[in-house]
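Predicted, not measured: the structure shown is a model, and the values here were computed from it. A, B, ... follow the sequence lines: proteins, then strands. Residue 1 opens every chain.
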Protein chains: 2
Amino acid sequence: MRLKEFAKQVGLSPTTVSRALSGYPEVSETTRARVAEAAVRLGYSPNVNAVRLKTGRAGAIGVVMGRAGEFHFAEFMAGMAERLVAEETDILVIPMADPNHEDEMQLYRRLVESRRVDAIIVHSPKPDDERIALLHELGMPFLVHGRSAIDVPHAWLDIDNEAAIKRATSHLIDLGHRRIAMINGRPGATYALHRDSGFRKALQSHGIEPDAQLIANGNFTDELGFRFARSFLEQPNPPTAFVAGSMMTALGVYRAVRSLGLQIGRDVSVIAHDDVFPYLTADNMVPSLSATRSSMRAAGSRCADLVLQLLSGRSALEIHELWPVELILRESTGPARPSKP
Amino acid sequence: MRLKEFAKQVGLSPTTVSRALSGYPEVSETTRARVAEAAVRLGYSPNVNAVRLKTGRAGAIGVVMGRAGEFHFAEFMAGMAERLVAEETDILVIPMADPNHEDEMQLYRRLVESRRVDAIIVHSPKPDDERIALLHELGMPFLVHGRSAIDVPHAWLDIDNEAAIKRATSHLIDLGHRRIAMINGRPGATYALHRDSGFRKALQSHGIEPDAQLIANGNFTDELGFRFARSFLEQPNPPTAFVAGSMMTALGVYRAVRSLGLQIGRDVSVIAHDDVFPYLTADNMVPSLSATRSSMRAAGSRCADLVLQLLSGRSALEIHELWPVELILRESTGPARPSKP
DNA sequence: TTTTCCAACCAAACCGTTTTCAATTTTCTC
DNA sequence: GAGAAAATTGAAAACGGTTTGGTTGGAAAA
């Protein structure tokens, strides 16, 4: 059913019907009610493409999806979905081919030109992320999930990775650990740099020199967690504690520790970062996992919220949120034991 | 830059320009090349909303996202993205409020009416799934990922859950296990029913009566895996083997078995279903996990492909794919040990 | 040479809304 | 009760493309 026909059925002009449904003030409450009722009864709803063409709004927020298939992604999106469900806005997932730099820029450029989205959420930014510069230049509203040091005004939401890891590391030091290993995320991303920085600062403020042999970077997979942990533990002077980048990494670390006949929380302490997944909880691991915790879902929800604010006119300059991260101590951390000679 | 202006720049009519860019035959190769070059140079690309309004195509495939935040979801989407990256089609994620039945139907109805998507992918169908009936009735092209017994013609892609679980269970029986527990997915979904059926058939064909005390249903979380496994193992007549619905469930089962001082692969055998995640691999678990395996990502990719076929005119009746599932035996399965009296 | 046909191009209608501007009715004000 | 102001409603012009149904000029056929 089209507007024209529907209007005829109701006995009004298309103009009035359109206004009634969009909540304009210049239509009487009586007619509005009548129109609304008829719309439900006759099953009329405006053609979205016509509305978009006319208003210039796309009614969607874009999220570029890399090929890595990160498990965080689903939680973030679920959070966005939670916030957007009552809104007339949906989520457009844009597939990204290769992480080829040239192509990626082209992808964003085309995305903006095609006007398919009203705003974009940029993930895992780098300190000098060119996507941010590009989007700013093109005048597309966007929000960065994470942070960038780039000298371009932009809205962002991030968790305080540096403080979180610094605190976690300090706690391990307070427990007497001196050889602490760090399994970080992919190199280059700001969050990984911040975590690295937090790690180093904690060590240095206690007079411990970071050992490059105990620092690793890579994807958040159980496999890398295992491999790195295992190779660290097989070194002549092995670590007595680990800071792990994700729950999956932690699973790998647990395995590595066990596989060497060591006991977590006694021989080796572990703190991981937990994005809070419904399907894998730190509290349930054995022994339960001490973690720096921040809900990815909440971040998704809030990001969606901030994007809506951005779209309704709030300045990007005002939108900067740095979320504190909880440190939750459980059984995977304990005092350092005197090292076996 | 708009078509009108761009056409003027090139010295042609909007008609010809439009045709040149859309590859119509009635435009000479010379002009087409000229137009294409100018489009790149001047940065012209058609306004997507105008195209959609005019052609009636939305250029997007819809996927409804539940609130559960399933970890499979990201992999499936990554697969879709892989297939769609070269296409002019993107993925629209539609947030679903509550799994309230009434609302859900309304959501689908509105989605169809608003013409935001060209096709929809339906997940985790039930045997008599009303979404399928509705979409068929409304004439919206759709593909079901999973299967339904509903008497309405529709395209689907599914993995052979029944055969997979039947084979897994039979293998456990062949190893001498008689008390086998099953931790299945949420009740109601066809896949869960198929798995249940495969489980029961395997038992019955070996003369074993399924024990309702050893069958559980629920979300695929490590927590439920742990709880169910633990409660089963604490029964007077505990199982010696488990069939687990997912990798997360398997993690929980592993923990439960260990927590009771038992050894996986020796005291208790485990087979789980593995959707193949880059971040958590069955082969890396300790002991490595025997699994029925089928790539969720491949399914996503193929589903996107089939939807494109559907949209280019292929009949839904022709599109039925039942994928076989591999059974990969590793260390988590072993011969049943004589039960302790 | 005339007619026919075809390749290449164009003018204008249309997709289904929103919104400007104007018209009409109703309500106030004095 | 007249005139002004306010509240409603409508006609028609966009929005930016695609597509129908021509028109044109030159090559091929007669």
Participant: C/dA11 base to B/T15 side chain: any donor-acceptor pair below 3.5 Å?
Facilitator: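 A donor-acceptor contact between them is present.
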Participant: Return the value, rounded to whole Å, for the distance between atom CG of B/N49 and atom C1' of D/dT18.
Facilitator: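 In whole Å, D/dT18 C1' lies 15 Å from B/N49 CG.
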Participant: Would you say D/dG10 has OP1 or OP2 under 4.0 Å from some side-chain N or O of A/T16?
Facilitator: yes
Participant: D/dT19 C1' sits how many Å from B/L53 CG, rounded?
Facilitator: 13 Å
Participant: Does the base of C/dT17 carry an N or O that pairs as donor and acceptor with the side chain of A/R57 under 3.5 Å?
Facilitator: no
Participant: Starting at CZ of A/R32 and ending at C1' of D/dT9, how long is that distance when rounded to a whole Å?
Facilitator: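 The distance from CZ of A/R32 to C1' of D/dT9 comes to 13 Å, rounded to the nearest Å.
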Participant: Is it the case that A/T31 and A/S28 place a side-chain donor and acceptor less than 3.5 Å from each other?
Facilitator: yes
Participant: For the side chain of A/S28, starting at C-beta, report the closest nucleotide among C/dC9, D/dA14, D/dT8.
Facilitator: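 The listed nucleotide nearest to A/S28's side chain is D/dT8.
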Participant: Say you draw a straight line from CD1 of B/I132 to CG of B/D151; how long is it, rounded to the nearest 0.5 Å?
Facilitator: 11.5 Å
Participant: Whole angstroms only, please: what is the NZ-P distance between A/K4 and D/dA12?
Facilitator: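 That distance rounds to 11 Å.
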Participant: Looking at B/L157, B/V63, B/L308, which hits side-chain contact (heavy atoms from CB on, under 4.5 Å) with B/C303?
Facilitator: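 Among B/L157, B/V63, B/L308, the one that satisfies the side-chain contact (heavy atoms from CB on, under 4.5 Å) with B/C303 is B/L157.
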Participant: Look at the side chain of A/Y24 and decide which nucleotide, out of D/dG16, C/dT19, D/dT18, has an atom nearest to it.
Facilitator: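 For the A/Y24 side chain, the nearest candidate turns out to be C/dT19.
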Participant: Without decimals, in angstroms, what is the distance between A/N47 CG and C/dC15 P?
Facilitator: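 Interatomic distance, CG of A/N47 to P of C/dC15: 12 Å.
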Participant: For B/V51 and B/E26, take the nucleotide of DNA chain D holding the closest heavy atom to each; which residue's nucleotide lies nearer the 5' end?
Facilitator: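 So the residue in question is B/V51.
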Participant: Separation of B/L3 atom CG from D/dA14 atom P, in whole Å?
Facilitator: 17 Å
Participant: Which whole-number value in Å describes the distance from A/E29 CD to D/dT9 C1'?
Facilitator: 16 Å
Participant: Which comes earlier along DNA chain C counting from the 5' end, the contact point of B/V27 or that of B/A50, where each point is its nearest nucleotide?
Facilitator: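 On the 5' side of the pair lies B/V27.
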Participant: Measure from the side-chain heavy atoms of A/R2 and tell me the nearest of C/dG16, C/dT19, D/dG17.
Facilitator: C/dG16
Participant: Calculate the interatomic distance between A/L12 atom CG and D/dA11 atom C1'; express it in whole Å.
Facilitator: 14 Å
Participant: Measure distances between side-chain N and O atoms of A/R19 and base N and O atoms of C/dT20, and say whether any donor-acceptor pair falls under 3.5 Å.
Facilitator: yes
Participant: Assign the ring pair B/F277 / B/H72 to parallel, tilted or perpendicular, where the plane angle (0 to 90°) is split at 30° and 60°.
Facilitator: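 It falls in the tilted class, 30° to 60°.
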Participant: In terms of ring plane angle, is the pair A/H154 and A/F142 parallel, tilted or perpendicular, where the classes change at 30° and 60°?
Facilitator: parallel
Participant: For D/dT18, take OP1 and OP2 only and decide whether either is under 4.0 Å from a side-chain N or O of B/T55.
Facilitator: no
